[in-house]
2 protein chains.
Amino acid sequence: MPTRTSAAKSMPRSAVPKGQAALNEAWRVMHFALRAVIAGPDRILATRGLTRMHHRILFFVAHTPGMSVGELQATLDVTKQALNAPLRQLQTQSLIELAKADHDARVREIRLTESGAALEAQLTGEQQRLFADAFAKAGAQAHEGWRTVMLELAKHAGMK
Amino acid sequence: MPTRTSAAKSMPRSAVPKGQAALNEAWRVMHFALRAVIAGPDRILATRGLTRMHHRILFFVAHTPGMSVGELQATLDVTKQALNAPLRQLQTQSLIELAKADHDARVREIRLTESGAALEAQLTGEQQRLFADAFAKAGAQAHEGWRTVMLELAKHAGMK
DNA sequence: AATAATAGGTCAATGTGCTTGACCTATTAT
DNA sequence: ATAATAGGTCAAGCACATTGACCTATTATT
C-alpha cells in the first residue's frame, strides 16, 4: 500500500499543497485543465452542428490519411452503424472524401478535403495554442515535469 | 512564475519531443492519463451497477456533508429528474441518507452512510494512489512542474 | 464458373440517459 | 388564506449508441 507523497524537506514556497491536500487538488485541477482544452473545439464544432465524434474522425483521418472505414471503426471502437451517420455528414459538408482504394475496390479510403484539413487544423490548433501557452509560461523545466508525471499516469492505461 | 529550477535532478531524458511534436504528444498523453485515472473507479462502480453520476454524487456529498438536493442539483448542473433516479438507487443501496433539515423541513440534507463513505474513500483512494505513485516516481520537482502547467491550463476554464 | 468471404451500407428495434413540461405534496413565508 | 419554495413523480421526446438482419459490390477460393 504505497504511500502518500513523501513529506517534502526542502520545500518550494509557492502554495504547493502537501500530502493528502496535493492529491485532492490534483484531480480537480486535471478536470479544469481538461475542460479548458476541450472547450474551444467544442464551441467551434457546435456552430457547424458537429460533435466530438466528428472531431475524432477528423483527427484520426488527419493523422492517417487514406485509412479505411473499417480501420477507423476499429480505432474509434464503435459500430459501423454509429460511424455511418457522422461520416455521411462530414461528406455532405465536404470535409472528408471517400474513394475506392485501387488495390481493393471494396475498401473506401478516407481523406480530408481542403476545408476539412483547415477545420481540423483549426480545432487542433486551438488546443495546441493552449498547451503552448501553458508550457511557455510555466517554463521548460515545468514542461518536462508535467510530461514525466503524465507519462507515469499513462503507463497504467497501456498508452500505445 | 514559480520557477524552481535547480538543475540537479534534470538529466538528458528520454526523447523529449520538441516544438510541434511536443504539442501533438501532449494531448495524447493527457488522454491516456485521464483514462488511467478513471478506469479504476469505473470498474468498481460497475460491479455495483453504479455509474459516473453516482460517483459524482458521492464525491460532492463527501466533501459537503448535509448539502441539500437543490444544492447538489445546481452543483452537478443537471435537472432534478436526472438526479432523482441515481439518488434513489444510492439510498436503496444504503450509501446515502436523506433527512429533513431542522431549520426547514422542506429541504432534505444528504449525507453518506458509513458504507457510502467507505465506497467513496475507496474510489477516491484508487485515484489518489495513482497520483501519489506518479508524483513519487517522478519526483517533487516534476510534481511542481506538473502542477504549474496544469494550473496554467485550468486558468482558461475559470477554475474555482 | 460457382461459391464463399470481405468491406461497406442501410433499415429496424432497443436501450440509456438526459431533457422539457406538467402536476403533485409538504412546508414555510406573506 | 394565499403564495412561494423544496422536493418528487409521470410523461413525452431527443440524442446517441447498441444489436441484429439484410443488402450490394468486390475479391478470394475451389
Side-chain angles (χ1 to χ4, degrees), chain A residues 35 38 41-43 45-61 64-93 95-112, chain B residues 35 38 41-43 45-61 64-93 95-112:
Chain A
R35 178 180 305 182
I38 285 184
D42 267 8
R43 198 171 16 74
L45 260 344
T47 70
R48 306 203 184 205
L50 301 178
T51 70
R52 225 166 278 176
M53 172 63 88
H54 299 88
H55 190 181
R56 296 215 293 157
I57 295 173
L58 292 176
F59 176 83
F60 282 110
V61 173
T64 311
M67 76 190 305
S68 72
V69 172
E71 285 167 357
L72 182 58
Q73 182 195 325
T75 304
L76 298 180
D77 192 31
V78 292
T79 61
K80 62 182 175 183
Q81 293 91 331
L83 195 52
N84 193 284
L87 220 44
R88 271 204 321 261
Q89 290 155 1
L90 289 175
Q91 262 180 305
T92 301
Q93 297 195 21
L95 297 170
I96 63 173
E97 282 171 343
L98 300 198
K100 296 186 180 180
D102 33 335
H103 68 302
D104 186 339
R106 290 171 302 180
V107 333
R108 304 295 149 88
E109 293 179 339
I110 315 174
R111 286 189 181 76
L112 299 186
Chain B
R35 179 179 306 183
I38 286 184
D42 267 8
R43 198 172 16 75
L45 259 343
T47 69
R48 305 204 186 204
L50 301 180
T51 69
R52 226 165 277 175
M53 172 64 87
H54 299 90
H55 189 180
R56 296 214 293 156
I57 295 172
L58 293 175
F59 176 82
F60 282 109
V61 173
T64 311
M67 77 190 306
S68 73
V69 173
E71 285 165 358
L72 182 58
Q73 183 197 323
T75 303
L76 299 179
D77 192 32
V78 292
T79 60
K80 60 183 174 182
Q81 293 91 330
L83 195 53
N84 193 284
L87 220 44
R88 270 204 322 260
Q89 290 155 1
L90 290 174
Q91 261 181 305
T92 302
Q93 298 195 19
L95 297 170
I96 63 173
E97 281 171 343
L98 301 198
K100 296 187 183 180
D102 34 336
H103 61 81
D104 185 339
R106 290 171 302 181
V107 335
R108 305 295 148 88
E109 293 179 339
I110 315 173
R111 286 191 180 75
L112 298 185

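Every chain is numbered from 1 and lettered A, B, ... according to where its sequence line falls, protein lines coming before strand lines. Not measured: the values here are computed from a predicted model. Heavy-atom basis, side chains included; hydrogens, waters and symmetry copies ignored.
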Can you check the [X] [atom1] to [N] [atom2] distance for me, whole Å?
X: A:Asn84; N: C:dG8; atom1: CG; atom2: P; result: 12 Å
X: A:Ile96; N: C:dG8; atom1: CD1; atom2: P; result: 13 Å
X: A:Leu45; N: D:dC16; atom1: CG; atom2: C1'; result: 16 Å
X: A:Leu50; N: D:dC16; atom1: CG; atom2: P; result: 11 Å
X: A:Met67; N: C:dA7; atom1: CE; atom2: P; result: 14 Å
X: B:Gln91; N: D:dG7; atom1: CD; atom2: P; result: 13 Å
X: B:Leu98; N: D:dA6; atom1: CG; atom2: P; result: 16 Å
X: A:Leu72; N: C:dA7; atom1: CG; atom2: P; result: 15 Å

Base-pairing assignment for [N] (Watson-Crick or G-U wobble, both under 3.5 Å):
N: C:dT25; answer: D:dA6
N: C:dA12; answer: D:dT19
N: C:dA2; answer: D:dT29

Are [X] and [Y] side-chain neighbours, meaning at least one heavy-atom pair lies under 4.5 Å?
X: B:Thr79; Y: B:Leu83; result: no
X: A:Leu87; Y: A:Val69; result: yes
X: A:Gln89; Y: A:Leu95; result: no
X: A:Leu98; Y: A:Gln91; result: yes
X: B:Asp42; Y: B:Arg52; result: yes

Need one value for [X]: base, sugar-phosphate or nothing, where a base atom within 4.0 Å counts as base even if backbone is also close, heavy atoms only.
X: B:Arg52; result: nothing
X: B:Ile110; result: nothing
X: A:Leu76; result: nothing

- Main-chain N/O of A:Leu90 paired with A:Gln93 side-chain donor or acceptor, under 3.5 Å: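 It does not hold such a pair.
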- Flag, side chain of A:Ser68 to backbone of A:Glu71, donor-acceptor distance under 3.5 Å: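 Yes, A:Ser68 side chain to A:Glu71 backbone: donor-acceptor pair under 3.5 Å.
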- Item | Summary of protein contacts for nucleotides 20-30 of chain C, nucleotide by nucleotide, where a base hit scores B, a sugar-phosphate-only hit scores S (4.0 Å, heavy atoms) | BBB----BS--
